[in-house]
Trainee: 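This is the structure I want to talk about, given as structure tokens.
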Amino acid sequence: MSHKGEGDGKEPVNEQAVANLYGSMRSDINQLHSKITELEMEVSEHSLVINAIQPLDPSRRCYRMIGGVLVERTIKEVVPAVQRNKEGLEEVISRMNEALEKKKKELSEFEAKYKIRIRKADGDVKDEAGRKEGSAQGVLVGPAGEN
């Protein structure tokens with residue numbers, strides 16, 4: 001993954017560069033997670049379609065949307081195509097999950113390297129490099145909803 005602040009092995013210059021890089025890494029993870037969720041919804045829809053049409057007569061006609069065009073086919077033709085699409089989506093999801101885990105690992109290594117911590121009570125405020133761990137260490141805080 002190429003980072004804006006890290007060119008040719010150089011470290012980010014200051015706290016702002018570290019914060020920007022950290023923010024972009026978190027944004028990448030959130031986008032990847034959103035895309036995985038979207039694809040999982042599509043797999044679920046494919047499963048519903050397969051379960052709905054499989055018990056029907058294979059010669060019965062059905063309609064399928066292909067590239068924005070509604071085409072008439074038979075169930076016998078549609079079921080294998082929908083199953084192939086579902087399997088393809090599942091394969092893409094598994095690759096994206098691997099990429100997500102890799103990005104999460106990179107983020108945690110980045111957090112450890114620059115001693116970045118998220119303060120939940122203040123709403124995602126980042127502690128940047130150069131700050132000492134100490135006073136907040138070992139403090140147990142209840143769920144965010146409790147006051």
Side-chain angles (χ1 to χ4, degrees), residues 1-129 131 136 139-147:
M1 182 167 140
S2 64
H3 301 298
K4 297 172 210 160
E6 293 182 355
D8 302 326
K10 293 181 183 176
E11 299 294 316
V13 214
N14 57 26
E15 284 188 15
Q16 188 61 43
V18 170
N20 290 341
L21 187 53
Y22 181 74
S24 77
M25 291 171 79
R26 285 186 55 106
S27 175
D28 290 346
I29 288 173
N30 288 337
Q31 288 175 349
L32 198 52
H33 185 56
S34 296
K35 190 63 178 176
I36 289 170
T37 303
E38 179 184 329
L39 291 175
E40 286 173 343
M41 292 295 287
E42 284 193 37
V43 167
S44 167
E45 290 174 10
H46 278 66
S47 295
L48 288 173
V49 169
I50 291 168
N51 292 337
I53 66 175
Q54 229 169 12
L56 301 175
D57 178 21
S59 62
R60 184 173 175 175
R61 58 179 177 182
C62 65
Y63 296 90
R64 180 171 180 227
M65 182 76 71
I66 300 177
V69 179
L70 196 61
V71 294
E72 182 179 333
R73 298 277 189 252
T74 63
I75 289 177
K76 179 180 162 186
E77 296 169 324
V78 170
V79 170
V82 174
Q83 285 177 329
R84 275 194 310 274
N85 286 352
K86 180 184 171 196
E87 290 165 4
L89 286 170
E90 289 170 339
E91 187 177 315
V92 168
I93 288 171
S94 71
R95 284 198 306 258
M96 290 180 86
N97 276 324
E98 290 171 8
L100 180 64
E101 291 306 312
K102 181 180 175 190
K103 286 184 184 282
K104 282 182 178 179
K105 184 180 176 192
E106 288 176 7
L107 184 68
S108 65
E109 289 170 358
F110 189 82
E111 287 173 341
K113 182 176 181 179
Y114 292 101
K115 297 179 179 127
I116 297 172
R117 293 178 291 140
I118 305 295
R119 284 188 279 171
K120 300 291 184 190
D122 294 338
D124 286 358
V125 176
K126 300 173 198 73
D127 285 344
E128 297 297 337
R131 294 217 181 150
V139 176
L140 184 60
V141 181
E146 292 181 11
N147 287 341

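Counting from 1, the numbers follow the sequence of the chain as shown. Excluded from the calculations below are hydrogen atoms, water molecules and symmetry mates; all remaining heavy atoms, backbone and side chain alike, are included. The model shown is predicted, which means the values in this text are computed figures rather than measured ones.
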Trainee: Keeping the roles fixed (side chain from Glu77, backbone from Thr74), state whether a donor-acceptor pair exists under 3.5 Å.
Mentor: yes
Trainee: Could you tell me the separation between the CD1 atom of Ile116 and the OG atom of Ser108, rounded to the nearest 0.5 Å?
Mentor: 11.0 Å
Trainee: Given Val43, which of Asn85, Leu89, Leu48, Val92 fulfils the side chain to side chain contact (heavy atoms under 4.5 Å, CB included) condition?
Mentor: Leu89
Trainee: Could you tell me whether Arg95 and Glu91 have a side-chain N and a carboxylate O separated by less than 4.0 Å?
Mentor: yes
Trainee: For residues Met25 and Glu106, determine if any side-chain heavy atom of one lies less than 4.5 Å from a side-chain heavy atom of the other.
Mentor: yes
Trainee: Locate the shortest heavy-atom distance separating Gln83 from Ile50; write the atom from each residue and the value.
Mentor: CG-CD1, 3.5 Å
Trainee: If we ignore hydrogens and angles and just use 3.5 Å, is the side chain of Ser44 paired with the main-chain N or O of Glu40 as donor and acceptor?
Mentor: no
Trainee: Would a 4.5 Å heavy-atom cut-off, applied to side chains only, mark Gln31 and Ser27 as touching?
Mentor: yes
Trainee: Is there a side-chain contact between Met96 and Lys35, using heavy atoms and a 4.5 Å cut-off?
Mentor: yes
Trainee: Counting only heavy atoms not in Arg64, do more than 12 sit closer than 6.0 Å to its CZ atom?
Mentor: yes
Trainee: With a 3.5 Å cut-off and no angle check, do the side chains of Gln16 and Asn20 form a donor-acceptor pair?
Mentor: yes
Trainee: So do the side chains of Glu98 and Lys102 get within less than 4.5 Å of each other, counting heavy atoms only?
Mentor: no
Trainee: With rounding to the nearest 0.5 angstrom, report the NZ to CD1 distance, Lys104 to Ile29.
Mentor: 7.5 Å
Trainee: Would you confirm whether Thr37, through its side chain, and His33, through its main-chain N or O, come within 3.5 Å as a donor-acceptor pair?
Mentor: yes
Trainee: Going from OH on Tyr63 to CZ on Arg73, what distance comes out if it is rounded to the nearest 0.5 angstrom?
Mentor: 12.0 Å
Trainee: Under 3.5 Å, side chain of His46 to main-chain N/O of Glu42, donor-acceptor pair present?
Mentor: yes
Trainee: Working to the nearest 0.5 angstrom, can you tell me the gap between Glu90 CD and Leu39 CG?
Mentor: 11.0 Å
Trainee: How long is the span from the CD1 atom in Ile53 to the CD1 atom in Ile75, to the nearest 0.5 Å?
Mentor: 5.5 Å
Trainee: Taking atom types as modelled, is there a side-chain donor on Glu15 or Tyr114 under 3.5 Å from an acceptor on the other?
Mentor: no
Trainee: Quick one: are Asn97 and Ile93 in side-chain contact, heavy atoms under 4.5 Å?
Mentor: yes
Trainee: Determine the sole option in Val71, Val49, Leu56, Val78 for which the side chain to side chain contact (heavy atoms under 4.5 Å, CB included) test with Cys62 is passed.
Mentor: Val78
Trainee: What's the verdict on salt bridge (Lys or Arg N to Asp or Glu O under 4.0 Å) for Lys113 and Glu109, showing C-alpha distance, side-chain angles and the deciding distance?
Mentor: CA-CA 6 Å; Lys113 182 176 181 179; Glu109 289 170 358; over 6 Å; no
Trainee: State, with a plain yes or no, whether a side-chain heavy atom of Ser59 is found less than 4.5 Å away from one of Lys76.
Mentor: no
